[in-house]
Participant: 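The following block contains the structure, expressed as structure tokens.
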Amino acid sequence: MAWVALVIYFHITLFLILEIGHATEKDTRVLGATAPGDIIIGGIFPIHEDVDQRNNSFAPQAQPCIRFEEKGLMKALAMINAIEVINKSPLLTALNITLGYRILDSCSDVSTALRATADFIQQTNCHTGGNTSTCGQPVMTVIGASYSETSIAIARQLTLRMIPQISYSSTAVILSDKSRFPAFMRTTPNDVHQIAAMVSLLGTYGWNWVGIVTTDGDYGQSALDRFVSQASAKGICVAFKSILPQSVTSQDVFPAITQAAKTIYKNPKVQVIVSFAKPTHMMYLYQELKNQTLRAGQNMWSMRRVWVASDSWSSSSSVKGNLTLKDIGHVVGFTFKSGDLSSFREYLSRLEAAGHEYTRNNSFLQEFYMQLNASKGSTDTELVSEGVKRLRKHYLADTIFSVELAVSAIAQAVASICRSRDCKTPGTVQPWEVLKSLWMQEFKVREKSYKFDCRGDINLGYEVTMWRSVGGNIHVHDFVAEYHPHTNNFTNTNQSTTCQFWDLKNIISKCSNSCVPGEFKKTAEGQHACCYECINCTENYYSNETDMDQCLSCDTNIEWSAEGSSSCIPKALHYFSWQDGFAVVLLTFSVLGILLVLIVSALFLHQRDTPVVKAAGGPLSQVILFSLVISYISAVLFVGRPSSFQCKARQVLFGISFTLCVSCILVKTLQILLAFQFNPELQEVLRRVYQPYVIVSICVALQAVTCICWLVLKSPFNHIIRQPTTLLEECHEGSHLAFGVMLAYIAVLAFVCFICAFKGRRLPQHYNEAKFITFSMLLYLISWLLFVPVHVTTSGVYLSAVEMVVILISNYGILSCHFFPKCYIILFKKEQNTKSAFRKNLYEYSSKTTDSISMSGISVSEQQSRNQHFIISSLSLSVPAANPLKPALVTYCRDGTSCTRLHRGSVTRHCLRRSTSM
């Protein structure tokens with residue numbers, strides 16, 4: 001079979017030589033793929049990967065292309081198929097016109113692409129001269145090129161003749177600038193959207209420490225600058241940038257690859273690498289990473305990374321070389337939107353069935369079969385079948401669809417022009433007219449409408465692919481999501497691979513661990529923003545998200561937070577609440593006090609004519625009991641959330657009510673003072689001055705004036721004391737001076753009561769008011785003296801409780817000392833609550849006093865005088881007549897003996913009569 005292969009090889013070589021010779025004799029232009037038509041479309045595709053740059057000649061000449069690329073051939077075949085299909089469509093058959101093509105090889109080299117462009121322009125210029133008989137068909141539009149560097153160069157050249165150029169994969173942002181590239185269009189979005197999609201993907205997974213691999217051309221530098229700008233705005237840092245030479249055959253490419261691999265290896269925290277490089281660059285890089293890993297004695301697992309692939313290599317599974325996907329890691333690629341490939345599959349089937357027929361006008365297929373035959377040594381049929389089989393491995397769904405869009409746009413633009421003129425004559429249609437038509441109207445592909453935007457782009461978004469290994473083979477077209485540029489989000493498309501896509505969340509690519517809520521990032525000067533230290537938020541500051549740059553401040557008026565808090569805690573509002581246990585106890589005593597006062601008041605009203613009730617003050621006792629009820633009520637106002645009214649009412653009610661109480665007690669103590677005042681002249685003056693109700697009214701009026709001035713000038717009010725973690729709501733007294741004056745005034749009255757009552761403490765035991773008054777006033781003074789320093793030096797919820805306790809002590813002191821003993825006599829010692837019992841008690845006390853004075857050696861006359869006065873006072877105090885203030889009569893006997901008569905009328909003996917009004 002070897003000789004058969006040799007014959008086939010000879011025939012193919014001879015055919016290629018003849019074709020080359022024919023082409024050279026005809027027009028001496030670069031070889032490619034051609035087909036006749038009424039409208040010629042130019043095509044520029046990277047059929048070869050590079051040019052041989054070893055030629056050191058200074059003479060301008062084309063450099064030979066090297067490294068045949070099957071993917072480039074697939075793109076050219078996609079254009080051929082699209083033109084053949086559109087020529088058979090009703091759109092063109094109705095107009096009886098056809099599209100032809102002239103496809104040239106850019107060899108992934110700008111200079112070679114410019115030579116191809118010059119060929120297109122030469123054909124167009126030919127028809128602008130006088131003699132067009134020797135001209136070929138002019139090129140109306142150009143589809144290409146693949147790489148942005150190439151498209152930028154040829155776009156400048158095509159703009160001179162306004163020949164429309166439609167690229168199927170050049171994504172550099174600069175090409176959207178219509179002021180510089182007015183004739184450039186593309187059926188793909190520009191890199192702004194792809195970079196935005198990449199940044200969005202990184203942000204979705206929380207990867208903020210990434211590396212970049214790119215090339216040094218216009219495309220690579222533009223992509224790098226824009227990625228760094230957008231990533232920085234999203235808080236993503238670039239740990240390193242590895243820039244590779246644009247040409248894969250450059251002598252500098254391998255040192256650059258070695259340095260890039262070393263950089264990746266030395267940055268183990270960088271688990272995500274974004275690459276805008278070419279497929280061959282990535283193949284070299286993976287191989288070098290493997291070599292360095294093995295030389296370091298590390299496991300292959302250590303070279304695994306997440307590779308975010310741009311559209312330039314995301315569909316090229318050949319980059320793995322002899323590595324497996326397990327060695328490489330994860331590859332997440334961005335590709336353009338794809339369409340239905342059934343038409344192209346049918347074309348490949350026709351290509352396989354036609355054998356070498358399709359190679360007649362396609363030198364690219366001829367070279368492909370030559371290289372394939374040299375390596376396989378197959379028969380003619382096997383050769384074509386093997387070739388098509390290899391081509392099927394390079395289904396570039398997104399690029400094929402982009403090429404179809406470009407051909408469809410051109411076809412419909414030409415059809416709109418040719419409806420009104422004859423397009424069969426060369427030169428009747430100008431390229432700028434096709435450009436105008438392309439800009440103005442929509443076109444349809446498979447019943448779906450498309451249109452170039454104002455920048456000449458068709459932005460359909462991106463498909464996100466994730467490489468996966470099945471049976472040792474890498475599947476690169478497993479779509480896991482779609483990226484929508486207008487909403488900047490991803491949509492799941494393939495549920496079977498979505499789980500694998502989202503499993504990437506387990507991969508961490510950060511310079512520093514995330515700062516949890518409650519911490520903030522502190523970056524050292526000169527460091528990347530993503531390399532930081534996590535510091536706890538201080539008190540009253542918080543952070544509620546991960547990796548916050550600074551802590552947020554709590555509103556310290558109503559909130560607080562401890563160190564390292566993730567949120568603010570509302571300050572608890574404290575006051576002396578109704579639910580407080582201490583408050584419940586005090587309220588219980590207040591209510592009990594009110595009930596006791598009411599019971600005592602009822603008892604005294606019922607027993608108002610008895611000696612004990614009269615001795616207790618008669619009507620004045622009811623006034624005292626009423627004042628105690630008001631005082632108990634004022635104590636209740638110290639509980640609960642303070643209000644402005646409550647703060648004003650509680651002090652005023654207590655001040656006036658307790659002043660009324662003490663004023664009535666003062667009247668009773670003045671009675672005692674008059675009883676013990678033995679100077680007749682002074683006693684007479686006191687008797688005239690002594691007006692009980694007037695005294696009570698004046699005392700209460702003075703306190704009322706004090707309280708009114710207090711309320712008018714600087715009244716109490718409720719306010720909130722802001723403490724570190726709580727809010728204390730309490731009543732502020734407004735004027736501490738007025739508060740002090742009010743309390744001091746009551747204290748003065750109580751002290752006067754105490755002094756007066758202290759002198760009468762030796763009255764008869766059963767009816768002794770003086771010692772009870774003494775004790776109650778002493779209890780009041782002591783309790784309030786203790787309250788003053790406590791009130792001044794402390795604050796808190798229970799400050800109100802302290803004052804409430806003092807008020808209750810004062811009230812219970814008066815109730816217990818003034819009324820409970822008398823209630824005891826009324827209820828349990830009824831025999832002592834009679835006039836006869838009172839007289840007997842008084843007589844016994846008088847006798848004891850007389851004996852005591854006699855033994856002390858006092859003269860009889862003095863004894864008589866003092867005894868008479870004492871008995872008079874006691875009698876008047878203890879057993880008042882119907883009017884307790886009516887004068888009582890006292891007689892002194894002339895015979896030197898003392899005699900007293902308890903007589904309501906006149907005295908029958910010759911005595912010196914003296915009256916004393918109590």
Participant: In Å and rounded to the nearest 0.5 Å, what is the CG to CG distance from L587 to L808?
Facilitator: 9.0 Å
Participant: Answer whether the closest heavy-atom distance between the side chains of V652 and P716 falls below 4.5 Å.
Facilitator: no
Participant: Any donor-acceptor pair under 3.5 Å linking the side chain of R722 with the backbone of L727?
Facilitator: no
Participant: If we count only N and O atoms by modelled type, under 3.5 Å, do the side chains of S735 and W710 hold a donor and an acceptor together?
Facilitator: no
Participant: Is R641 paired with E729 through a side-chain N to carboxylate O contact shorter than 4.0 Å?
Facilitator: yes
Participant: Distance from I630 atom CD1 to C661 atom SG, nearest 0.5 Å?
Facilitator: 12.0 Å
Participant: Can a donor-acceptor pair be found, under 3.5 Å and without considering hydrogens, that links the side chain of Y812 to the backbone of G593?
Facilitator: yes
Participant: Determine whether the aromatic ring centres of F520 and Y532 lie less than 6.0 Å apart.
Facilitator: no
Participant: Can you tell me if CZ on F787 sees more than 12 non-hydrogen neighbours from other groups inside 6.0 Å?
Facilitator: yes
Participant: Does the side chain of S776 come within less than 4.5 Å of H818's, by heavy atoms?
Facilitator: yes
Participant: Is K521 salt-bridged to D549, cutoff N-O under 4.0 Å?
Facilitator: yes
Participant: Output yes when a side-chain donor or acceptor of D547 lies under 3.5 Å from a complementary backbone atom of C515, and no otherwise.
Facilitator: yes
Participant: Could you check whether atom CG of N544 has more than 12 heavy atoms from other residues, nucleotides or ligands sitting under 6.0 Å from it?
Facilitator: yes
Participant: How about I825 and T610: do any of their side-chain heavy atoms sit closer than 4.5 Å?
Facilitator: no
Participant: Give a yes or no on whether E539 atom CD has more than 12 heavy-atom contacts from other residues, nucleotides or ligands under 6.0 Å away.
Facilitator: no
Participant: Step through the shown structure and confirm whether more than 12 heavy atoms of other residues, nucleotides or ligands are within 6.0 Å of NE2 on H719.
Facilitator: yes
Participant: Should we count CZ of F589 as having more than 12 external heavy atoms under 6.0 Å?
Facilitator: no
Participant: Which label fits Y824 and F828: parallel for a plane angle under 30°, tilted from 30 to 60°, or perpendicular past 60°?
Facilitator: tilted
Participant: Going by heavy atoms in the side chains, are T706 and L702 under 4.5 Å from each other?
Facilitator: no
Participant: Is there a donor-acceptor pair under 3.5 Å between the side chain of Q703 and the backbone N or O of M742?
Facilitator: yes
Participant: Should we say atom CZ of F739 is surrounded by more than 12 heavy atoms from elsewhere, each under 6.0 Å from it?
Facilitator: yes
Participant: Do the non-hydrogen side-chain atoms of I807 and F658 ever get within less than 4.5 Å of each other?
Facilitator: no
Participant: Among side-chain atoms of S631 and N811, is any donor-acceptor pair under 3.5 angstrom?
Facilitator: yes
Participant: Would you say W784 and I746 make side-chain contact, with heavy atoms under 4.5 Å?
Facilitator: no
Participant: Do C817 and M777 come within less than 4.5 Å of each other through their side chains, counting heavy atoms only?
Facilitator: no
Participant: Looking only at side-chain N and O atoms, does S643 offer a donor or acceptor that is under 3.5 Å from a partner on N718?
Facilitator: no
Participant: Before we go on, tell me: are the rings of F576 and F638 under 6.0 Å apart, centre to centre?
Facilitator: no
Participant: Is there a side-chain contact between S783 and S810 (heavy atoms, below 4.5 Å)?
Facilitator: yes
Participant: Tell me the closest heavy-atom pair linking P642 and C731, and the distance in Å.
Facilitator: CB-SG, 3.6 Å
Participant: Check the side chains of Q622 and S601 for a donor-acceptor pair under 3.5 angstrom, ignoring hydrogens and angles.
Facilitator: yes
